[in-house]
*Asks:* 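I have a structure I would like to understand better, so I am pasting it below and will then ask my questions one at a time.
For this chain, numbers begin at 1 and follow the sequence in order. Just so it is clear, the model here is predicted, and its values are computed rather than measured.
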Amino acid sequence: MMHLIAENMAPIMFCSLIVFLLLGYPVAFSLAANGLFFFFIGVELAPFSGNSINLSWPLLYAMPERLWGVLSNETLLAIPFFTFMGIVLERSGMAEDLLDTIGQLFGPIRGGLAYAVIFVGALLAATTGVVAASVIAMGLISLPIMLRYGYDRRLASGVIAASGTLAQIIPPSLVLIVLADQLGRSVGDMYKGAMIPGLVLTGIYICYIAVMSIIRPRSMPALPPEARTLGHGVTSLAVALVVAVAVAYTAHVLLTPSVGVDADIWGAVVGIVIIYAAAIIDRAMNLNMMSRLAQQVIIVLIPPLALIFLVLGTIFLGIATPTEGGAMGAVGALIMAAGKKRLTLDITRQALASTTRLSSFVIFILIGARVFSLTFYGVNGHLWVEHLLTSLPGGEVGFLVAVNILVFFLAFFLDFFELAFIIVPLLAPTADKLGIDLIWFGVLLGVNMQTSFMHPPFGFALFYLRSVAARVPYLDKITGRRMEPVTTGQIYWGAVPFVGIQVLMVALVISFPQMVMHYKGPTINPDDVKIEMPALPGLGGGGLGLPLGAPGEGTAPGLAPLIDPPAPSSDLSKPPSFN
């Protein structure tokens with residue numbers, strides 16, 4: 001019996017961890033307690049294991065160094081920076097301004113408010129990177145408006161929850177930072193690889209709304225004329241965009257000789273700055289060059305886009321590391337909030353408190369994971385996992401299918417931090433051994449982990465929306481009508497189609513890996529590489545093809561040889577003499 005337990009310590013340890021988590025114990029303490037408990041058992045059972053357990057009491061001396069490795073990891077500094085940035089932006093009312101403006105822009109078309117929610121969700125994801133902030137903000141602002149104008153409750157709930165989870169995959173996502181750290185890869189490469197899948201997922205959401213607006217037009221009516229307070233002005237906005245593009249192209253042409261390949265980026269910056277300044281001046285001086293709608297769209301959209309460029313643009317251009325980009329984003333968020341006169345001491349205190357809580361949560365889970373992994377590796381758990389996964393039928397495809405099914409079902413009970421710290425370190429060595437690119441693997445897992453926020457019964461995005469959705473009947477402030485509450489069942493059923501879309505996105509990433517692999521840049525074919533040596537003057541016209549034994553022929557014109565050649569000697573026993 002003792003031999004059987006000793007030889008199967010790894011699966012017993014893993015299963016006991018799952019039991020602890022399902023019983024509801026905190027993740028960090030479950031990891032650490034399991035690690036220490038099985039360390040004690042492993043030391044005692046090591047003599048019965050047939051050398052399959054490599055644990056001894058002196059091994060605990062390595063624990064302080066492992067914990068110091070967690071605390072001194074500069075990459076993880078990006079987490080508090082991006083968290084602080086997202087909370088400040090959410091408190092500053094940026095989401096409210098964006099939803100109001102984009103809702104007015106898309107209002108005249110059927111499903112316009114749903115399009116606005118998805119578009120704003122993508123923008124908030126690219127600026128905040130925090131799912132809770134996005135879902136709560138849009139739930140408070142857009143859900144009452146969508147219900148006021150007759151949107152189906154399930155559809156409205158699903159759109160808000162799904163668009164909020166875009167913060168999982170669109171950089172600067174917190175889960176991508178954690179995945180990059182756990183996989184030992186660059187956060188910048190992870191951001192580059194995740195950008196296209198995030199945009200494709202956003203496009204699929206929009207296509208779903210477009211199809212539903214045709215199939216069920218009554219579920220998402222257009223805004224009535226009296227609700228379009230900014231009036232009409234799409235033509236004016238189109239003209240402003242054309243002018244901005246023309247200015248950007250002109251600046252690109254003029255700047256190309258001086259800045260080279262970065263001229264397109266600087267040209268876009270010039271075009272955006274000029275059109276933004278024109279909108280500000282037009283509103284301040286009542287020149288009426290633009291419509292009210294065009295003014296509002298430009299003035300509201302440009303600052304978050306500028307913040308996105310400040311954070312992601314500097315990372316992609318190699319100007320800043322993700323940690324430095326997060327620091328600049330935090331400063332930019334403070335400046336934006338101050339510019340709107342919404343930066344108060346109370347907002348700053350709330351943002352700092354929330355950031356501290358989340359950062360402490362991450363650090364404690366990491367410490368618990370280090371304790372757990374020390375014991376798990378000591379009982380050869382990594383080899384057990386590797387043998388289990390590499391023996392699956394289908395090779396690489398079978399491994400990917402099995403892993404994604406495992407992550408999908410574990411996401412019913414664990415959130416993305418827990419999955420990233422517990423499951424990913426066990427899967428990464430096997431993926432690397434199978435020759436799978438770890439950036440692509442990380443983005444694939446990131447897309448899959450989105451479902452942890454969406455599917456019942458433990459989807460956190462659904463909980464966030466439930467916390468702000470009406471639970472009892474209420475009177476609408478604008479129309480005075482009695483509005484029915486949103487039930488938990490409606491929120492759950494509204495999320496189901498979007499969970500299906502996220503699963504479809506997992507299949508697309510597997511089927512079209514180039515969506516992620518573009519981060520490596522263009523592929524170079526070794527057969528197309530040619531090495532040509534330049535001809536050097538004075539080497540007989542043959543470049544480096546100077547024949548040996550011709551000492552005088554390689555002298556450059558106008559230069560005397562440094563050493564006279566030796567005089568020929570008939571006596572081969574004497575060494576040559578140099579004059």
*Asks:* For the side chain of Gln104 and the backbone of Thr101, is there at least one donor-acceptor N/O pair under 3.5 Å apart?
*Replies:* no
*Asks:* Measure the shortest side-chain to side-chain distance between Met505 and Pro197 over non-hydrogen atoms and say whether it is less than 4.5 angstrom.
*Replies:* yes
*Asks:* Quick one, Leu312 and Met195 - any side-chain contact, counting heavy atoms below 4.5 Å?
*Replies:* yes
*Asks:* Does a side-chain heavy-atom distance below 4.5 Å link Val447 with Gln502?
*Replies:* no
*Asks:* For the side chain of Thr321 and the backbone of Glu324, is there at least one donor-acceptor N/O pair under 3.5 Å apart?
*Replies:* yes
*Asks:* Might you work through the side-chain contact (heavy atoms from CB on, under 4.5 Å) test for Val178 and Ile79, ending with a clear yes or no?
*Replies:* CA-CA 9 Å; Val178 175; Ile79 292 177; 3.8 Å; yes
*Asks:* State the OH-CD1 distance between Tyr191 and Ile439, to the nearest 0.5 angstrom.
*Replies:* 12.0 Å
*Asks:* Just do the side-chain contact (heavy atoms from CB on, under 4.5 Å) check on Ile87 and Leu352 with the steps written out, would you?
*Replies:* CA-CA 9 Å; Ile87 294 173; Leu352 288 172; over 6 Å; no
*Asks:* Not counting sequence neighbours, which residues clear salt bridge (charged side-chain N to carboxylate O under 4.0 Å, His left out) with Asp437? List them please.
*Replies:* Lys520
*Asks:* For residues Met146 and Ile160, determine if any side-chain heavy atom of one lies less than 4.5 Å from a side-chain heavy atom of the other.
*Replies:* yes
*Asks:* Only one of Leu98, Ile102, Leu99, Ile206 passes side chain to side chain contact (heavy atoms under 4.5 Å, CB included) with Phe119; say which it is.
*Replies:* Ile102
*Asks:* Is the shortest side-chain N to carboxylate O distance from Asp97 to Lys340 below 4.0 Å?
*Replies:* yes
*Asks:* Quick one, Thr323 and Val187 - any side-chain contact, counting heavy atoms below 4.5 Å?
*Replies:* no
*Asks:* Would you say the side chains of Arg357 and Ser354 form a donor-acceptor pair under 3.5 Å?
*Replies:* yes
*Asks:* Look up atom CZ in Phe81 and atom CG in Leu174, then write down how far apart they are to the nearest 0.5 Å.
*Replies:* 13.0 Å
*Asks:* Nearest 0.5 Å, please: how far is CD1 in Ile274 from OG1 in Thr250?
*Replies:* 9.0 Å
*Asks:* Taking the side chain as every heavy atom from C-beta outward, state whether Ile109 and Tyr115 have any pair of such atoms under 4.5 Å apart.
*Replies:* yes
*Asks:* Check whether more than 12 heavy atoms from other residues, nucleotides or ligands sit under 6.0 Å from atom CZ of Arg153, and answer yes or no.
*Replies:* yes
*Asks:* Can you tell me how far apart CD1 (Ile510) and CH2 (Trp440) are? Round to the nearest 0.5 Å.
*Replies:* 6.0 Å
*Asks:* Does the Ser163 side chain pair with the main chain of Ile118, one donor and one acceptor, at a distance under 3.5 Å?
*Replies:* no
*Asks:* Check the pair Met290, Ile298 against side-chain contact (heavy atoms from CB on, under 4.5 Å), reporting the backbone distance first and the verdict last.
*Replies:* CA-CA 10 Å; Met290 303 179 187; Ile298 292 172; 3.9 Å; yes
*Asks:* List for me each residue that meets salt bridge (charged side-chain N to carboxylate O under 4.0 Å, His left out) alongside Arg481, sequence neighbours excluded, and say none if there are none.
*Replies:* none
*Asks:* Please determine whether side-chain contact (heavy atoms from CB on, under 4.5 Å) holds for the pair Ser157 and Leu465, giving the CA-CA distance in whole Å, both sets of side-chain angles, and the decisive distance to 0.1 Å.
*Replies:* CA-CA 8 Å; Ser157 302; Leu465 185 58; 3.8 Å; yes
*Asks:* Could you measure the distance from the CE atom of Met454 to the CD1 atom of Ile501? Nearest 0.5 Å is fine.
*Replies:* 9.0 Å
*Asks:* Not counting sequence neighbours, list each pair that qualifies as a ring-ring contact (aromatic ring centres under 6.0 Å, His included) and has a residue in residues 202-221.
*Replies:* Tyr205-Phe498, Tyr208-Phe498
*Asks:* Do Ile275 and Val247 have side chains that get closer than 4.5 Å, going by heavy atoms?
*Replies:* no
*Asks:* So does Met449 get a backbone contact from the side chain of Ser452, meaning a donor-acceptor N/O pair under 3.5 Å?
*Replies:* yes
*Asks:* Does any part of the side chain of Leu113, heavy atoms only, come nearer than 4.5 Å to the side chain of Ile145, both counted from C-beta?
*Replies:* yes
